[in-house]
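We name chains A, B, ... by the order of the sequence lines, and we start the count at 1 in each one.
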There are 4 protein chains.
Amino acid sequence: MRSDARRNRDLILGAAVDLFIERGPAASMEEIARSAGLGVGTLYRHFPDRQSLLEEIAADSLRRLYDYAQARLDTAPSGWDAFVGIIEQCVALPLALTKAVSETPLDKPELDALAERSDALIAEAVTRAQKQGDLRRDLSPAQVADMLSVIVCRPGIRPGDPLITVFLDGLRLRPA
Amino acid sequence: MRSDARRNRDLILGAAVDLFIERGPAASMEEIARSAGLGVGTLYRHFPDRQSLLEEIAADSLRRLYDYAQARLDTAPSGWDAFVGIIEQCVALPLALTKAVSETPLDKPELDALAERSDALIAEAVTRAQKQGDLRRDLSPAQVADMLSVIVCRPGIRPGDPLITVFLDGLRLRPA
Amino acid sequence: MRSDARRNRDLILGAAVDLFIERGPAASMEEIARSAGLGVGTLYRHFPDRQSLLEEIAADSLRRLYDYAQARLDTAPSGWDAFVGIIEQCVALPLALTKAVSETPLDKPELDALAERSDALIAEAVTRAQKQGDLRRDLSPAQVADMLSVIVCRPGIRPGDPLITVFLDGLRLRPA
Amino acid sequence: MRSDARRNRDLILGAAVDLFIERGPAASMEEIARSAGLGVGTLYRHFPDRQSLLEEIAADSLRRLYDYAQARLDTAPSGWDAFVGIIEQCVALPLALTKAVSETPLDKPELDALAERSDALIAEAVTRAQKQGDLRRDLSPAQVADMLSVIVCRPGIRPGDPLITVFLDGLRLRPA
DNA sequence: AATGAATGAGCTTTCATTCAT
DNA sequence: AATGAATGAAAGCTCATTCAT
């Protein structure tokens, strides 16, 4: 891939994320291209249709989440710490878009695979935290992962959002 | 308002809510009218544009929420009980639509007023619960109301969702 | 169907045929609508996409051809006369469009059925003419029908075209 | 012209003819270039626009037809033989494309000149055949040439097509 | 000289909204 | 008052053509 093409691809993804955040998921392809400083044709060369642009945004977030979660699991002193770190990373990603943008179901198999791999990592953190007695045991790791995505996949969420504190407190198992 | 007009109006609102739930917020005016067994013209006689249909759906939910919250505050044995009851009512309303349907920001003053009145009632329940020592005090009533709307305004939420349990546990202040 | 809708439908078909003849099969939907004195939306209400407009034009011609061929077979004094009459009718229809317009294969089952029924009638005329000793017997009725469509389905063909004379003379079996 | 440039030019013309036959006249410049194993840029270096590519394909056919007709006229034992030979040559050329490809009227003067020169040769064969009593005299040579182009310029025509037999029989003047 | 990325006009199609019946 | 036909702006997408690499 030529260096200018790579640059344009990134410009497009950036502009799309910004516009989707700013104007909601109805932002038009024309707007996105224009806001990236490019013509529509260029947008369509990189992403053959609207769907595939959305998918790529989602895939990007999921890949970054996966990488982060992996690293965190390797280094965190406890399952709980890993879990908290993953949540914090999630709110920093435009993961929100994954859900918010996609009324269209985005069912690309690659995406499902990515989501599964990330979920597996989150489940791993949850399981460890449960074993270590830091996280309530009346929920399955999958249920916890689902909740996490609800909390975290919202446009406008910011690190330090009080909802996160409450959510973590609701999950935590504290020693009597 | 003549009784058949009233009936048509209700048919439309019902069909719209169903379609929005089933097909997402992109359901067209034509579809809605057709699924209510009416022509588009009739739909437009009742709601001068799409926006005002959305607003009316939202207003409907908010009115019902308000009525319920009011009743609950009057009868519940404690602030906490009132709060829990309100949450449970919320998930039973198509409140989810209020958010889901409206990427378009529904800024009708009447709606804001309704939302404010409902929020005030929720804040009242929160304040009482805080005073009675059942709900953590490091959050303002407004913050709690915001969280509640996040938890509750999601398409597909069902009574008994584990997220609600966790959320309530995170908010609850339990005696040592 | 309301009378104005019927009128508009006919306006559209007429305008489309004229434009396709005048400007070739690339005439745009916008042009067609405009030239019928209507908005694009109206065109699309009558024909849900470009394809179905083309199909309707083709079907119209085939239906008229069928009706004509039927009548002709019933009344013509001989198979040969019927055959000649059918050819003459063909050049008067915008049958040319059927072929010319359709790079798109137009594979609507109804169309195929119509074409088959017309072909059967042509084959009937051919067979009769062969039995009556007026048409050469070294060709199958289907082959003759194919040739006929080549001769006749050309934009710009006019009644009395010398090619038709030559074609008929080439087919005719004259008594020694 | 360098030998590789010549080669590329021929690759392009070949690919274009094949694609037009296979996929109809809507084949895109990109497809043509790709199917010739080249980039679009190279295509445009050889043919400044789509039109000129089409024109060159047509010119190529006409030049070959001219050469063949010339040779045939010089060697055929009779006008009729020359005429028949020319027809047979025509169906072997991608002459069909000349018409099929060009809904766009190819009005390059050079093309007209080529067509005229070829027509003149065909007219010569016709005139000779008429004088020799082999071809009906109620048609002008130009009319016959026109018919010939109708018969012959169709995608999919093959040597031995029965239409050619019929056409020749219709033109032939047989001794009583 | 060759490549293929970028461009944007233009095409098909949809849908909120208006208006004749 | 109800209907659904008509409208046209705007969206998604394609492709001939240009131009940077």
Seminar exercise, completed: Out of F:dT17, E:dG4, F:dC13, minimum distance to the side chain of A:D49 belongs to F:dC13

Problem set entry | Pairwise distance OG(C:S52) to NE2(C:H46) - rounded to 0.5 angstrom | 11.5 Å

Exercise. Roughly, in whole Å, what's the span from CD in A:Q51 to C1' in F:dC13?
Worked result: 15 Å

Exercise. Rounded to the Å, how far apart are C:L38 CG and F:dG4 P?
Worked result: 20 Å

For this session: Using atom CG of C:L54 as one end and atom P of E:dT12 as the other, report the distance to the nearest whole Å.
Result: 10 Å

Exercise. Mind checking whether B:E31 and B:R23 have side chains closer than 4.5 Å, heavy atoms only?
Worked result: yes

Exercise. So, is C:R45 close to the F:dT7 phosphate, meaning a side-chain N or O under 4.0 Å from OP1 or OP2?
Worked result: no

Problem set entry | 5′-ward residue of the pair C:E30/D:L43 relative to DNA chain E | D:L43

Exercise. Is the backbone N or O of B:L114 less than 3.5 Å from a side-chain atom of B:S118, with the two atoms forming a donor-acceptor pair by type?
Worked result: yes

For this session: Starting at atom CD of C:E31, determine the distance to atom P of E:dC11, rounded to an integer number of angstrom.
Result: 7 Å

Exercise. If you look at every strand shown and take non-hydrogen atoms under 4.0 Å, does D:T42 touch a base, only sugar-phosphate, or nothing?
Worked result: base

Exercise. Ignoring hydrogens and geometry, is there a side-chain-to-backbone donor-acceptor pair from C:E56 to C:L53 under 3.5 Å?
Worked result: no

For this session: Output the single nucleotide from F:dA2, F:dA20, E:dG8 whose closest atom is nearest the side chain of B:D4.
Result: F:dA2

Exercise. Less than 4.0 Å between a side-chain N and a carboxylate O, is that true for A:D4 and A:R7?
Worked result: no

Seminar exercise, completed: Note: for C:P48 and B:G41 on DNA chain E, the residue whose nearest nucleotide lies more 5' is C:P48

Seminar exercise, completed: Comparing nearest nucleotides in DNA chain F, the 5'-proximal residue of the pair D:M29, C:A5 is C:A5

Seminar exercise, completed: To the nearest angstrom, the CG-P distance between B:L11 and F:dA2 comes to 12 Å

Exercise. Taking the side chain as C-beta and beyond, is there a heavy-atom pair between C:F20 and C:I57 under 4.5 Å?
Worked result: yes

For this session: Evaluate the criterion salt bridge (Lys or Arg N to Asp or Glu O under 4.0 Å) for residue pair B:E55 and B:R50; output intermediate values, then yes/no.
Result: CA-CA 9 Å; B:E55 282 165 357; B:R50 177 173 242 270; over 6 Å; no

Exercise. Out of E:dA5, E:dT13, F:dG8, which nucleotide sits closest to the side chain of C:R50?
Worked result: E:dT13

Problem set entry | Spacing between C:L53 atom CG and E:dC11 atom C1', to the nearest angstrom | 15 Å

For this session: Would you classify D:R34 as touching base, sugar-phosphate or nothing, given that sugar-phosphate means primed atoms plus P, OP1 and OP2, and contacts are heavy atoms under 4.0 Å?
Result: sugar-phosphate

Problem set entry | Length of the line joining A:R2:CZ and E:dA2:C1', which is rounded to integer Å | 12 Å

Exercise. Nearest to the side chain of D:V40, which nucleotide is it out of E:dA5, E:dT12, F:dA16?
Worked result: E:dA5

For this session: Would you please confirm or rule out a distance under 4.0 Å between OP1 or OP2 of F:dA5 and any side-chain N or O of C:N8?
Result: no

Seminar exercise, completed: Each base of DNA chain F marked ( ) or [ ] if paired in-strand (Watson-Crick or G-U under 3.5 Å), | if paired to another strand and . if unpaired gives .||||||||||||||||||||

For this session: Indicate whether OP1 or OP2 belonging to F:dA6 is found under 4.0 Å from a side-chain N or O atom of C:H46.
Result: yes

Exercise. Taking NZ, NE, NH1 and NH2 as the nitrogens, is one of them in C:R6 or C:D10 under 4.0 Å from a carboxylate oxygen of the other?
Worked result: yes

Seminar exercise, completed: Considering only heavy side-chain atoms of C:Y44, the closest of E:dC15, E:dT13, E:dG8 is E:dT13

Problem set entry | Whole angstrom value for the distance that separates C1' of E:dT12 from CD1 of C:I32 | 11 Å

